[in-house]
Amino acid sequence: MDSRMVFVLLWMLLLSTSTGIKLDGNGYVDVVIAISSKVPQDNRLIDKIKKMATEGSLYLYHALDEKVYFREATILVPPQWNGTNFTKARTEIDNANPSYGFEPYTKQYGECGAEGEYIHFTPEYLLNDTFIELYGSRGRIFVHEWAHLRWGVFDECNGEKPFYHSNGRIEATRCSKNIKVEFYEVTAGGSLQQCSIDPQTLLPTEGCKIFLNRNEITNRSIMFLPGLDAVTTFCHENDHNYEAPNMQNKKCGKATWTVIFEDSVDKDALRSLKPLQSPPPPPSFKVVQRKQRVVCLILDVSKSMEGSRILQQQQAATHFLRHIIEDQARVGIASFSTFASTLSPLTTIDSDTTRENLIKLLPKVAGGWTKMCLGLSQGLQILREDNGDALGDEIVFLTDGQTDNIAGCVQSAVQSGAIIHTLAFSDSAAPELTEMAIKTGGKFLSPNDKTTSNQLMDAFASLTLSTGDYTNEPVQLESVGARTSDWFNGTVSVDQTVGNKTSFVIIYEINFPSVYIQSPSGSVYTQTNLSHDVSQKTVTLNIPGTTEHGDWKYSIQTTILQALTLTVTSQATQADFSDGTKPMIMFAEVSQNYRPVINADVWATLESETGSVHTLRLLDNGAGADAFQDDGIYSRYFIKMVNGRSSLKVRVKNQDGQTRFAVLYIHGSVEWGIYTYLWGCQPPLIPEAEEEEESFEVTLSGTAPPNFPPNRITDLSAVIQEDTVLLNWTAPGEDLDQGRAKSYEIRWSFDLKMLRFNFSNGYSVNTTAVSPQETGSVEQHSFNLNITIQNGTTIFFAVQSEDKQNAKSETSNIAQASKILPGPKSSGISNPDMNFTGLVISLCVVTMIICFIVVFAVKCRKLSAQSDMALIVSNECQNNLYA
């Protein structure tokens with residue numbers, strides 16, 4: 001594998017999260033379009049983005065009954081571009097995804113109706129107008145992606161299964177079914193011929209193309225063919241193709257229009273909004289720039305911070321200043337207790353000497369009252385020194401939050417425009433700390449103060465700002481602690497993607513231990529190679545140059561009982577590379593240069609403030625909490641919620657050498673005479689361990705956590721072999737995707753809609769012999785329907801699960817199967833007037849006089865995908881069409 005950094009993006013989300021984008025009246029505001037720092041300056045991009053959003057606004061207005069449009073958007077340009085200042089916005093800055101080519105796409109992690117993470121565009125797509133012919137209007141594609149991002153709908157085509165059987169007929173996967181299609185193979189000479197049939201599936205072979213008659217296309221649907229001029233809206237219930245084996249039916253089981261108006265974040269507003277009386281004005285744009293990062297540390301030195309807390313604060317802030325904050329950032333330091341003071345004005349990080357000088361200024365003594373508002377005011381004053389305001393600057397506010405009322409200054413802090421990260425260093429910290437972080441787009445973290453815990457170090461290490469240049473961003477390889485009077489041993493794997501500026505930091509509680517660190521080649525580092533800070537009780541090993549790749553072994557010996565912790569950080573070697581009533585979902589995105597990494601071993605550890613620890617393996621199997629199989633996003637429900645704050649850490653490892661890149665698929669279409677054919681899908685070494693950390697808080701509304709039913713099955717499939725039905729699905733759990741369900745209820749019908757909306761009215765299947773397996777297992781069940789299944793018959797199947805408390809899951813996706821017996825001539829299929837049409841088109845191609853080809857594309861995504869939203873523009877071309 002090439003040397004590119006693999007990273008983990010981690011979210012802990014309630015199912016009802018909101019984002020930074022807002023619907024204000026009929027207009028969307030706070031839409032941020034961020035250009036990666038790797039994109040060279042080209043001011044044409046700004047004009048193209050404005051044009052795309054303006055076209056998209058009008059298209060959106062017509063698509064949703066003239067109710068909504070884009071009112072305001074902010075275009076965020078990189079620091080090296082000439083521009084103005086950074087405005088308030090927490091954004092995802094994305095590199096181009098090698099799996100997608102030039103194609104726009106949207107990352108969706110959640111369930112049906114849940115908002116996505118971001119939309120991704122490339123400069124090539126925006127600057128090269130040839131792609132308008134290839135994909136269709138950029139504004140149309142923007143709205144297609146917006147529907148993924150904002151409303152949580154999915155594609156209505158299927159690149160892996162473009163055909164299916166329906167009551168003896170071969171149908172194309174599409175929505176609406178009113179779209180007239182025909183099937184042909186294109187010969188080397190450019191003529192059309194009947195499609196060949198696969199003798200096993202009795203469906204068209206891979207070379208078969210789907211042709212649309214442009215004169216008969218309806219106005220739906222945007223999630224199927226937005227590039228067609230006739231398409232202006234989404235599929236409604238009255239013309240939704242429930243039979244189509246596409247992701248929309250699998251994840252939602254209903255029309256996209258229904259999801260938007262009944263399940264999305266905008267459902268209440270969309271139902272109550274009145275249509276605009278006239279077309280909306282163009283969006284207003286603000287072009288702003290990310291300047292150098294500006295951060296102020298505001299540190300609590302009140303009496304309640306005495307003892308181990310003030311020392312842990314010093315150790316963690318030292319780690320942040322020495323290893324985490326990037327070069328050329330500007331950092332200030334303030335402290336507060338009864339009074340607040342400036343320990344350092346804003347200082348540019350331009351050398352190791354500057355870092356060490358800042359470390360010397362960190363507070364070491366605690367005493368006095370906890371006057372948090374004074375600390376906030378002092379920090380904001382420091383931030384305003386550079387340009388008169390704090391807009392877009394960051395605050396790291398650490399406090400144990402005791403004995404003070406911070407409510408009086410939360411509003412002014414939020415209005416400052418600063419991004420405020422709050423670190424609550426006790427179990428009684430003020431709830432306003434969470435509110436400030438959420439309202440300003442910052443992080444809320446709640447590390448505990450146990451001496452064996454590295455949570456405060458991990459919290460500071462998580463405060464990075466991605467710019468798209470991952471060579472300058474720290475990667476935490478290890479964070480572990482123990483209390484022992486003997487040996488503290490372990491292994492840290494350093495793979496070829498990292499190795500610059502690698503450091504081992506050991507913190508001890510009482511006495512300086514003996515430290516031995518061995519490189520993969522056998523070199524041993526001991527006390528003579530380490531730097532020892534007696535006052536901070538910290539021992540550090542900095543590896544010069546590029547760290548040797550492989551397993552590094554550490555052995556730390558102490559002769560007295562004391563707490564020991566180890567933190568290992570590194571950087572990439574080169575550039576190429578709630579209330580408790582709802583469950584939470586953990587997401588960990590594992591990728592290398594934004595290319596999905598699959599088959600990894602991903603574990604999440606959750607530690608509450610009371611000390612309880614839960615460990616869960618996250619899965620990328622497309623079942624339960626996981627939206628898509630093999631997309632590099634590992635997910636799991638978390639249901640063992642307790643009152644108070646908890647911290648979440650994720651570790652990623654290579655799974656017995658099986659970890660690899662995902663293979664993604666693309667889909668497209670070509671206009672040919674009066675026809676448009678949809679062409680089939682073609683397919684376009686991993687780090688050992690890495691960690692990310694977040695915090696969250698739960699306040700239970702009752703005396704005990706609720707009982708959750710088994711998760712909805714979303715991958716049910718069915719096959720009919722002679723008169724035997726074979727069903728396959730992934731086992732749900734007793735509670736969502738945890739444990740083992742008690743039983744299954746399987747029903748079938750000749751009527752899909754009846755089964756979908758009235759499951760209990762379907763014919764029942766005997767399941768006494770089916771004993772549910774552990775969650776995540778592959779379930780199979782075969783049975784006879786006790787009827788003679790006629791040739792050409794299509795039957796629909798669905799499953800519900802039940803737990804020990806008799807709570808039932810939602811009805812699964814509807815699986816369908818057809819009994820198709822091969823006829824005497826099964827080598828191909830023919831369409832009406834096929835020969836005549838083929839002749840005309842063949843002549844058209846040969847003469848090149850009365851016919852030309854206009855190319856545009858439709859992507860059926862195998863991979864599709866909460867935090868503040870960003871629409872991403874990046875600079876590397878990829879290999880995909882559009883999502």
Side-chain angles (χ1 to χ4, degrees), residues 1-8 37-38 95 98 318-329 349-356 457 461 464-480 490-506 515-531 538-555 566-577 590-595 597 600 651-654 657 659-661 685-692 876:
M1 166 180 284
D2 52 6
S3 299
R4 295 172 182 166
M5 190 178 82
V6 175
F7 67 97
V8 181
S37 63
K38 285 189 173 183
N95 272 336
T318 296
H319 183 61
F320 178 78
L321 293 172
R322 186 176 286 156
H323 302 293
I324 304 302
I325 190 68
E326 59 270 24
D327 290 338
Q328 300 306 313
I349 304 293
D350 54 9
S351 66
D352 289 341
T353 300
T354 301
R355 293 177 185 270
E356 296 304 318
M457 293 277 283
T464 59
L465 179 67
S466 179
T467 65
D469 184 4
Y470 300 104
T471 60
N472 293 322
E473 296 177 16
V475 180
Q476 186 164 299
L477 301 178
E478 183 60 281
S479 177
V480 65
T491 300
V492 179
S493 296
V494 180
D495 66 69
Q496 59 185 340
T497 67
V498 293
N500 284 346
K501 299 182 179 180
T502 304
S503 66
F504 291 72
V505 179
I506 298 109
V515 179
Y516 306 91
I517 298 176
Q518 181 177 313
S519 73
S521 63
S523 299
V524 177
Y525 298 84
T526 61
Q527 274 79 344
T528 58
N529 309 106
L530 309 176
S531 61
T538 302
V539 184
T540 304
L541 171 64
N542 294 312
I543 308 296
T546 300
T547 304
E548 191 177 334
H549 297 142
D551 289 340
W552 286 71
K553 298 178 180 179
Y554 61 88
S555 298
L566 172 74
T567 303
V568 183
T569 58
S570 187
Q571 290 186 8
T573 51
Q574 53 180 288
D576 289 333
F577 75 121
V590 185
S591 61
Q592 180 168 316
N593 198 25
Y594 289 90
R595 191 174 177 186
V597 172
R651 181 185 299 269
V652 180
K653 291 186 177 181
N654 192 327
T659 307
R660 60 185 177 84
F661 286 135
L685 302 280
I686 308 303
E688 288 294 328
E690 187 173 337
E691 296 182 347
E692 286 281 340
E876 295 179 28

Quiz item: If we only count heavy atoms from C-beta on, is the R322 to V505 side-chain gap below 4.5 Å?
Solution: no
Exercise. Find out whether D350 and Q328 are in side-chain contact, i.e. whether some heavy atom of one side chain is under 4.5 Å from a heavy atom of the other.
Key: yes
Exercise. Return the minimal non-hydrogen interatomic distance between L541 and N529, and the atom names on each side.
Key: CD1-O, 3.8 Å
Quiz item: Got a donor-acceptor contact below 3.5 angstrom from the E548 side chain to the S521 backbone?
Solution: yes
Self-check item: Side-chain heavy atoms of E326 within contact of I349, under 4.5 Å
Solution: no
Practice problem: Please examine the side chains of P520 and D551, heavy atoms only from C-beta on, and report whether any two atoms are closer than 4.5 Å. | Solution: no
Quiz item: Side chains of Y554 and V515: closer than 4.5 Å at any heavy-atom pair?
Solution: no
Quiz item: Are any of the side-chain heavy atoms of T538 and H319 separated by less than 4.5 Å?
Solution: no
Self-check item: Heavy-atom donor-acceptor pair, S570 side chain to G499 backbone, under 3.5 Å
Solution: yes
Quiz item: Which pair of heavy atoms, one from P474 and one from H323, lies closest together, and at what distance?
Solution: CB-O, 3.9 Å
Quiz item: Which heavy-atom pair separates E478 from T491 by the least distance, and what is that distance?
Solution: OE2-O, 4.1 Å
Quiz prompt | Close side-chain approach of I543 to W552, heavy-atom, < 4.5 Å | solution = yes
Practice problem: Answer whether the closest heavy-atom distance between the side chains of T540 and L530 falls below 4.5 Å. | Solution: no
Practice problem: Heavy atoms only: give me the nearest D327-R355 pair and the separation to one decimal. | Solution: OD1-NH2, 2.7 Å
